[in-house]
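The chain is numbered in sequence order, starting from 1. Everything numeric in this text was worked out from a predicted model, so none of it was measured.
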Amino acid sequence: MASAKPISNQTSTTKSSTPRTDLPPGQDAYQQIVHDIRAGDLLPGDRLTEVDLAARFGMSRTPIREAIRQLEADGLVMHIPRLGATIRTLDHSEISELYDMRAVLESTAARFAARAASEVELSEIEAIQAAMSAARNSEERYRQNQNFHAAILDAARNRFLLRAVQSVQKTLLILGRSTMEQSERAEQAGKEHAAIIAALRSRDEDEAERAMRLHIQGAHAARLRQLRDARTMDADTHEL
């Protein structure tokens, strides 16, 4: 971990660089850092210093300090002796374990939703999938994909399951950019979503669970390809 990288103190040009007045400063800083982790602007191993982040987001150090504490509590950031707060790095085993847990939890949510979802909820899930299919860019596809999974969790009507899934999803943010940026994965995910919807519509609990499990396994495979491609590109860059 001694090679942890300090972040750039250049103010981010992304949407997250504009402070929000509708949130407490600490929560605003937290959301901006999470946004940049998901976007790949802050990477595993990057050091988070109050001075650099305050300059990056145009705010004082106090809300940055609060945000870093919350990120540590969430498990997204580790405090390393002599280095300070550093974005956590997940190894291959941890990534596989997280996707295994996601498959178990979300397939259970699909089973529950097949049993409990109302007609209004099923129509909303279909509308979200239609919006995802019509999305013009990867950011919109990502947002609608999140909405799709959230709608199924809501339809499952189990608060404990919801909290467990949210915990896994939050840790997966460390991996950075969404696999929805891969056009092939986005197309395949759409087909998998359609299979899930068909099972929900038919109230087939077993098929809904199976379809969701296959969907998460597909997401896992796409993530591993994404990480492998990134390592290959990094190795090629170092050889230049």
Side-chain angles (χ1 to χ4, degrees), residues 30-31 34-35 37-38 44 70-77 88-118 120-122 124-129 132 141-182 185-186 188-227:
Y30 172 86
Q31 291 197 7
V34 167
H35 174 280
I37 291 172
R38 186 188 71 75
Q70 183 59 51
L71 289 162
E72 289 182 5
D74 289 343
L76 301 182
V77 167
R88 182 180 170 192
T89 298
L90 297 174
D91 61 28
H92 180 84
S93 294
E94 289 175 309
I95 294 170
S96 293
E97 289 164 10
L98 282 166
Y99 273 99
D100 285 346
M101 281 302 301
R102 188 182 171 200
V104 170
L105 295 168
E106 293 206 45
S107 63
T108 300
R111 169 177 283 278
F112 289 175
R115 179 193 313 159
S118 68
V120 170
E121 288 171 322
L122 291 174
E124 176 63 11
I125 292 168
E126 289 174 328
I128 291 169
Q129 177 53 33
M132 181 177 165
R141 282 197 299 270
Y142 168 81
R143 188 171 71 84
Q144 296 299 345
N145 184 56
Q146 293 295 101
N147 289 340
F148 179 86
H149 287 270
I152 291 175
L153 279 167
D154 287 341
R157 290 177 171 75
N158 189 300
R159 288 169 289 179
F160 298 99
L161 181 61
L162 174 62
R163 285 197 289 268
V165 172
Q166 288 174 335
S167 176
V168 170
Q169 289 176 338
K170 187 170 290 185
T171 305
L172 285 170
L173 287 173
I174 297 170
L175 299 177
R177 306 185 76 87
S178 169
T179 57
M180 288 297 109
E181 294 184 358
Q182 306 168 21
R185 176 56 197 157
Q188 182 61 32
K191 295 176 182 177
E192 293 162 1
H193 284 187
I196 293 167
I197 290 171
L200 295 176
R201 274 288 178 194
S202 64
R203 303 293 180 179
D204 188 333
E205 297 178 26
D206 290 341
E207 182 57 26
E209 182 174 8
R210 189 187 77 85
M212 180 62 81
R213 186 179 295 275
L214 289 174
H215 176 53
I216 302 303
Q217 289 172 349
H220 185 189
R223 177 66 73 182
L224 294 180
R225 285 195 301 272
Q226 182 190 59
L227 295 173

Report the residue from V165, T171, L172 that forms a side chain to side chain contact (heavy atoms under 4.5 Å, CB included) with V168.
->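 That would be L172.
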Do you know which of E207, E192, H149 makes side chain to side chain contact (heavy atoms under 4.5 Å, CB included) with M212?
->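 The residue from E207, E192, H149 that satisfies side chain to side chain contact (heavy atoms under 4.5 Å, CB included) with M212 turns out to be H149.
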N147 side chain near E124 side chain, heavy-atom distance below 4.5 Å = no
Taking the side chain as every heavy atom from C-beta outward, state whether D100 and I216 have any atom pair closer than 4.5 Å.
->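 The answer is no, as the side chains (C-beta and beyond) never meet within the 4.5 Å cut-off.
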May I ask you to decide whether [X] forms a salt bridge with [Y], counting only side-chain N to carboxylate O separations under 4.0 Å?
X	Y	result
R157	E121	yes
E72	R88	no
E106	R213	no

[atom1]/[X] to [atom2]/[Y] distance, rounded to the nearest 0.5 angstrom?
X	Y	atom1	atom2	result
T179	R141	OG1	CZ	10.0 Å
Q169	L105	CD	CG	9.5 Å
H35	L173	NE2	CG	11.5 Å
L200	R115	CG	CZ	12.5 Å
S96	D91	OG	CG	9.0 Å
I37	L175	CD1	CG	11.0 Å

Heavy atoms only: give me the nearest [X]-[Y] pair and the separation to one decimal.
X	Y	result
L153	A109	CD2-CB, 3.7 Å
A208	A114	CB-CB, 4.0 Å
G75	I174	O-CD1, 4.0 Å

Check step by step if side chain to side chain contact (heavy atoms under 4.5 Å, CB included) holds for L71 and V34.
-> CA-CA 8 Å; L71 289 162; V34 167; 3.9 Å; yes
Between [X] and [Y], is there a donor-acceptor pair closer than 3.5 Å when you use the side chain of the first and the backbone of the second?
X	Y	value
R185	A222	no
S167	A164	no
D74	L76	no
S107	V104	yes

Please, which pairs that meet ring pair (Phe, Tyr, Trp, His ring centres under 6.0 Å) have at least one residue in residues 91-118, sequence neighbours excluded?
-> Y99-H220
Are a donor atom and an acceptor atom from the side chains of R223 and Q226 found within less than 3.5 Å of each other?
->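 Checked: R223/Q226 side chains pair up, N/O donor to acceptor below 3.5 Å.
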State whether the number of non-hydrogen atoms from other residues, nucleotides or ligands found under 6.0 Å of R163 atom CZ is greater than 12.
-> yes
Passing option when H193 is tested against Q144, E126, H215 for side-chain hydrogen bond (donor to acceptor under 3.5 Å, both in side chains) | H215
How far apart are the C-alpha atoms of L122 and R203, what are their side-chain angles, what is the distance that settles it, and do they pass the side chain to side chain contact (heavy atoms under 4.5 Å, CB included) test?
-> CA-CA 11 Å; L122 291 174; R203 303 293 180 179; 3.6 Å; yes
Is NZ or CZ of R38 both nearer than 6.0 Å to the six-membered ring centre of Y142 and within 45° of the ring axis?
-> yes
Could you check I128 against N145 for side chain to side chain contact (heavy atoms under 4.5 Å, CB included), going step by step and ending with a plain yes or no?
-> CA-CA 8 Å; I128 291 169; N145 184 56; over 6 Å; no
